Amino acid sequence: MRIHNLNLTISTVAAAVVSVVFVRDISRIWILPLTFVVCVAGLFLLFWIAVLLFASAADKHREYDKSSRFYLKMINIIYDSVCSVLRVRLHVSGLEKVPDGTFFIVSNHKSSIDNMCQSYVLRSHNISYISKPENFRIPFAGNMMNRCRYLPIDRDNPRKALTTIKKAIDMIKSDDMSIGLFPEGHRITDETVGKFSDGTFIISRECQRPTVISSISGSDKLKSNFPFKPTDIYIDIIDVLPFDKARSMRSNAISEYAHSLIYAKITERTENSTSE
């Protein structure tokens with residue numbers, strides 16, 4: 001059960017119990033909605049206090065060599081909660097294509113919420129993301145990211161970037177974590193797909209596992225929709241490139257292949273939304 005549904009369920013039951021005990025006549029009916037609101041607010045507050053406590057227990061500066069299923073589950077609960085608060089409605093296609101075991105997954109990048117949505121949709125898999133170093137400096141969030149073995153990449157320093165790529169390859173090959181990457185390197189907020197960084201597809205050629213090609217549409221509308229309108233975000237698993245095929249291709253060829261598929265799917269989604 002999603003965390004906000006659990007919150008509402010507990011609050012509704014609490015309100016019902018209180019009403020049975022204390023509401024003796026119609027003049028005291030106000031107790032029922034008051035109890036519900038207090039419970040919702042209280043449980044919401046307790047949840048985030050617990051999140052901050054567990055996040056602070058994770059060391060932002062330590063390099064962890066094993067994943068934590070507890071923290072991975074927690075970070076997806078957080079992502080689910082954020083999506084609920086932001087009124088995100090997730091639509092997923094192609095989920096049956098995702099392979100068992102670890103993999104490398106690439107997607108276009110529209111919004112800062114993209115990895116949250118994708119991670120939650122693929123929550124049955126252990127996925128860490130390659131992210132810009134600034135994100136690791138965010139209080140508490142940086143702790144959680146580091147504990148879930150997210151990897152910072154310095155795109156301005158090729159040597160450091162290569163070190164990150166090698167770590168990602170090792171994590172996938174060891175069957176410990178799948179790795180997610182947005183090869184555009186930054187958010188593209190219009191209806192196109194930006195140029196991919198070909199070098200990051202070394203991971204596809206060396207990780208000995210499949211490469212999942214995915215697209216994300218609609219997340220760029222969140223800023224203009226919230227809080228008055230819900231935002232429909234579409235996550236499409238387009239294709240899975242087997243490792244045997246990837247290792248016979250150059251990195252730039254894999255990049256072009258992934259880009260063409262994602263561009264076609266984004267164009268299709270844009271045309272469909274326009275016609276509606």
Side-chain angles (χ1 to χ4, degrees), residues 75 79 103-122 127-138 141-142 144-146 148-172 177-207 209-223 233-239 241 246 249-267 269-270:
I75 204 168
Y79 290 163
F103 50 82
F104 177 46
I105 180 167
V106 295
S107 310
N108 61 305
H109 199 12
K110 292 287 186 185
S111 165
S112 56
I113 201 174
D114 289 343
N115 86 286
M116 299 184 191
C117 297
Q118 188 182 78
S119 180
Y120 178 72
V121 164
L122 298 173
I127 301 182
S128 292
Y129 286 85
I130 295 175
S131 183
K132 58 185 180 181
E134 304 93 271
N135 290 337
F136 291 81
R137 294 195 284 269
I138 301 172
M144 290 291 293
M145 290 169 63
N146 189 56
C148 292
R149 303 188 72 199
Y150 283 37
L151 299 173
I153 187 165
D154 186 347
R155 296 181 185 274
D156 296 325
N157 188 321
R159 181 172 294 181
K160 288 185 177 179
L162 184 59
T163 298
T164 296
I165 288 172
K166 287 180 177 178
K167 285 182 181 177
I169 291 169
D170 289 341
M171 288 166 67
I172 300 171
M177 301 291 296
S178 294
I179 295 293
L181 173 70
F182 301 106
E184 289 160 305
H186 59 278
R187 294 187 293 275
I188 305 295
T189 55
D190 57 23
E191 296 173 349
T192 61
V193 181
K195 185 181 185 305
F196 283 0
S197 173
D198 296 344
T200 55
F201 286 90
I202 294 173
I203 299 174
S204 296
R205 300 183 66 246
E206 301 292 337
C207 71
R209 300 293 184 274
T211 296
V212 177
I213 300 170
S214 172
S215 67
I216 300 175
S217 310
S219 57
D220 53 316
K221 304 296 192 300
L222 179 62
K223 188 175 181 179
I233 296 179
Y234 298 84
I235 296 180
D236 297 291
I237 307 299
I238 307 170
D239 192 22
L241 181 66
M249 301 169 67
R250 291 181 176 272
S251 296
N252 64 324
I254 302 172
S255 176
E256 290 170 6
Y257 177 70
H259 189 282
S260 65
L261 291 180
I262 293 172
Y263 179 82
K265 179 56 72 171
I266 294 294
T267 302
R269 287 290 182 195
T270 301

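Please read these numbers as outputs of a predicted model, since none were measured by experiment.
At least one side-chain heavy atom of Ile203 sits under 4.5 Å from a side-chain heavy atom of Ile130. No side-chain heavy atom of Tyr150 sits less than 4.5 Å from a side-chain heavy atom of Asn135. For the pair Ser251/Ile254, no side-chain contact is recorded, criterion being any heavy-atom separation below 4.5 Å from C-beta on. At a threshold of 4.5 Å between non-hydrogen side-chain atoms, the residues Lys167 and Ile179 do not count as touching. Inter-residue side-chain proximity for Phe104 and Ile169 is flagged as unmet; no heavy-atom pair is nearer than 4.5 Å. Between Ile235 and Ser214 the shortest side-chain heavy-atom distance falls below 4.5 Å. Residues Asp236 and Arg269 have side chains in contact (heavy-atom distance under 4.5 Å, counting atoms from C-beta outward). Side-chain contact between Lys166 and Leu162: present, with at least one pair of heavy atoms (C-beta onward) separated by less than 4.5 Å.
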Would Leu122 and Ile105 count as a side chain to side chain contact (heavy atoms under 4.5 Å, CB included) if you check the C-alpha gap in whole Å, the side-chain angles of each, and the deciding distance to 0.1 Å?
CA-CA 11 Å; Leu122 298 173; Ile105 180 167; 3.6 Å; yes

Run the numbers on Ser112 and Arg187 for side chain to side chain contact (heavy atoms under 4.5 Å, CB included), then give the verdict.
CA-CA 8 Å; Ser112 56; Arg187 294 187 293 275; 3.8 Å; yes

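Between Phe196 and Phe201, the angle of the ring planes stays under 30°, which puts this pair in the parallel group of the 30/60° scheme.
Atom-to-atom distance recorded for Glu206:CD and Asp170:CG is 10.5 Å, nearest 0.5 angstrom. The NE2 atom of His109 lies 11.5 Å from the CG atom of Asp220; values are rounded to the nearest 0.5 Å.
Taking the side chain to side chain donor-acceptor pair (under 3.5 Å) definition, one finds that Asn115 meets it with Tyr79, sequence neighbours left out.
Pairing each heavy atom of Ser107 with each of Gln118, the nearest pair is OG-NE2, 2.6 Å. Between Ile266 and Ser215, the closest heavy-atom pair is CD1-CB, 4.2 Å. Of all heavy-atom pairs between Cys148 and Ser128, the closest is O-OG, 2.5 Å. The two residues Met171 and Leu151 have their closest heavy-atom pair at SD-CD1, 3.8 Å. Nearest heavy-atom pair across Arg155 and Phe182 is NH2-O, 3.7 Å. Counting all heavy atoms, side chain and backbone alike, Gly180 lies closest to Ile127 at N-CG2, 4.0 Å.
With His259 contributing its side chain and Asn108 its backbone, the two residues share no donor-acceptor pair below 3.5 Å. Within the 3.5 Å criterion, the main-chain N or O of Phe103 finds a donor-acceptor partner in the side chain of Ser178. Under the 3.5 Å distance criterion, the side-chain polar atoms of Ser119 are left unmatched by any main-chain donor or acceptor of Met116. Between the side chain of Ser219 and the main chain of Ile233, no donor-acceptor pair closer than 3.5 Å is present.
For the residue pair Thr211 / Ser204, a side-chain donor-acceptor distance below 3.5 Å is found, with atom types taken as modelled.
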